[in-house]
Amino acid sequence: MLTVKYIADNKEHVISALAVKNFEAAEIVEKVIALDTERKSLKSQSDNAQAEMNALSKEIGGLFKSGKIEEANAAKAKTADMKENIKTFSAKLSEVEQELQALLVQIPNVPHPSVTPGKGEEDNVEVKNGGEMPTLAEGAKPHWDLIKEMDLIDFELGTKITGAGFPVYKGKGAKLQRALISYFLDEASDAGYLEVTPPIVVNEASGFGTGQLPDKEGQMYHCTEDNLYLIPTAEVPVTNIYRDVIVAEEELPKKHAAYTPCFRREAGSWGAHVRGLNRLHQFDKVEIVQIAHPAQSYEILDQMVAHVEGLVKNLGLPYRIMRLCGGDLSFTSALTFDFEVFSAAQGRWLEVSSVSNFENYQANRLQCRYKGKDMKKPELTHTLNGSALALPRIMAAILENNQTPEGIKVPEVLVRYTGFDMI
RNA sequence: GGAGAGAUGGCAGAGUGGUCGAAUGCGGUGGUCUUGAAAACCAUUGAUCUUCACGGAUCCGGGGGUUCGAAUCCCUCUCUCUCCGCCA
């Protein structure tokens with residue numbers, strides 16, 4: 001969430017910038033500022049009341065020690081009112097604090113100046129494209145036909161075991177998947193990311209820290225008995241490594257990469273766009289995360305984009321990089337670049353990565369801060385993450401784009417992981 | 001799952017009702033000494049809110065209670081450790 005101080009100091013900018021995200025902020029911003037003023041005044045009243053009480057208590061202590069029992073008891077009699085006073089003020093204070101907090105979590109992150117207005121996907125801006133469009137032979141098939149014919153992925157079996165959207169990968173399909181994971185993780189390690197294997201269920205505090213809770217709980221699978229959530233992305237457990245942590249300034253940036261399965265309920269999706277591997281309830285992904293110094297975060301965002309670009313390039317996939325418009329930008333993000341690869345037999349662009357800078361929006365929720373030697377107080381870090389990459393659509397594009405009459409050609413960079421070059 | 005023990009500052013570890021944000025040691029930082037380093041010695045070294053500032057308030061796992069006053073007493077939750085059981 002945004003800090004109250006930032007909102008108060010940049011009121012007009014917050015309102016106009018959030019309009020780019022199609023968020024009408026004027027009213028809530030006024031409320032926040034008013035509540036904060038009230039909070040400060042209540043705080044000082046409650047502090048004064050408490051200070052008075054502390055002084056009297058000390059006095060009473062002294063009287064008892066020096067044997068002036070009567071005087072002490074007389075002083076004691078005076079405390080009842082003061083206690084009442086303190087209770088009233090602190091109750092009001094915590095009420096106002098809660099109200100303020102409830103408002104703050106409703107305000108989305110302010111978009112970066114480069115973000116253009118727009119309603120949704122259709123208004124995203126292509127900033128770059130690359131790779132070569134494949135020319136498919138006559139009779140080229142979409143991946144859902146290929147995987148069935150070659151028995152690479154079994155949707156019906158997954159449906160039997162679990163339900164729709166939980167496929168079973170088999171044989172070379174499973175090996176290709178594993179090869180991609182290894183390849184992505186190795187590339188991340190080479191780029192200086194520390195590999196971690198985090199839990200794939202998280203508690204409520206973690207869900208709140210990265211912004212999935214309280215608003216988007218419907219998108220996560222929830223184990224109600226233990227109040228734990230299946231992660232929708234490794235971003236959640238990995239970024240939460242730094243919840244309530246103060247990092248030494250010279251240790252920034254912190255770079256982590258993680259492979260995890262991801263779970264999304266995706267309630268309300270249907271139709272051709274979700275066919276085959278296009279949209280699943282469970283899928284695999286390698287995620288890269290950085291905890292960054294605020295002054296460096298946009299430079300780092302570029303580096304992360306370049307890293308992801310290297311992956312799709314090496315896989316030989318035609319891609320384009322989209323800068324998300326205000327309307328498509330997520331609640332918590334300030335700037336996001338989506339990577340899409342062209343799935344030739346479907347004739348569609350598929351989103352395979354989303355690389356975002358959250359500035360200090362998540363860090364404020366997480367209380368992730370850094371401190372330098374000559375800093376009096378710790379400051380919020382910036383947090384960034386990106387998929388590098390999400391597997392199913394990458395697989396779909398590889399299968400479709402690389403199909404030949406002799407079979408499917410495995411991208412060269414993967415052969416050392418698969419052990420075979422044709423499927 | 002059963003029984004017991006515990007949770008204090010970056011770490012280790014004292015403190016069982018009053019001046020304790022908390023002894024001491026280690027670590028960190030600055031300094032003295034030294035050609036330099038080590039050692040030794042001295043000083044300094046948590047966070048949050050509030051205030052222009054001085055200052056004030058809060059924090060000893062979380063929450064609640066008793067008391068004029070709680071790190072210290074009571075209740076409750078969470079977590080950790082030990083033993084037993086079960087188990088990949």
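Quantities reported herein were computed from a predicted structural model and do not represent experimental measurements.
Every residue was checked against the side-chain contact (heavy atoms from CB on, under 4.5 Å) condition with A:N48, not counting sequence neighbours, and none meets it. Contacts of A:E406 classified as side-chain contact (heavy atoms from CB on, under 4.5 Å), with partners at least two apart in sequence or in another chain: A:T404, A:M422. Legend: residues meeting ring pair (Phe, Tyr, Trp, His ring centres under 6.0 Å) with A:F358, ordered by chain and number and at least two apart, are absent. Residues satisfying the side-chain contact (heavy atoms from CB on, under 4.5 Å) test with A:Q45, not counting sequence neighbours, are A:S41, A:L42, A:F89.
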Grab the N/O contacts between the protein and nucleotides 71-81 of chain B below 3.5 Å, and write none if there aren't any.
none

Polar atoms only, N or O, under 3.5 Å: list the protein pairs with nucleotides 55-57 of chain B and their distances.
from	atom 1	to	atom 2	distance (Å)
B:G56	N2	A:D47	OD2	2.7
B:A57	OP1	A:N54	ND2	3.3
B:A57	O2'	A:D47	OD1	3.1

Taking only N/O atoms, report every protein-nucleotides 15-19 of chain B pair under 3.5 Å with atom names and distance.
from	atom 1	to	atom 2	distance (Å)
B:G18	N2	A:S57	O	2.8
B:U19	O4	A:K65	NZ	3.3

For nucleotides 43-47 of chain B, print each protein N/O atom paired with a nucleotide N/O atom at under 3.5 Å, atom names and distance only.
from	atom 1	to	atom 2	distance (Å)
B:A47	OP1	A:K371	NZ	2.5
B:A47	O3'	A:R369	NH1	3.3

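In RNA chain B, stems built from 3 or more consecutive Watson-Crick or G-U wobble pairs, each with both distances under 3.5 Å, span B:1-7 with B:78-84, B:10-12 with B:24-26, B:27-32 with B:40-45, B:46-50 with B:55-59, B:61-65 with B:73-77.
Sorted by first and then second residue, the pairs that involve residues 5-19 of chain A and meet salt bridge (Lys or Arg N to Asp or Glu O under 4.0 Å), not counting sequence neighbours, are A:K5-A:D9, A:K11-A:E30. Within the structure, side-chain hydrogen bond (donor to acceptor under 3.5 Å, both in side chains) contacts touching residues 195-205 of chain A (residues at least two apart or in different chains) are A:N203-A:S206, A:E204-A:N227.
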Show the atom names and distances, to 0.1 Å, of all donor-acceptor pairs under 3.5 Å that link a side chain in residues 100-108 of chain A to residues at least two apart or in another chain.
from	atom 1	to	atom 2	distance (Å)
A:Q106	NE2	A:A102	O	3.1

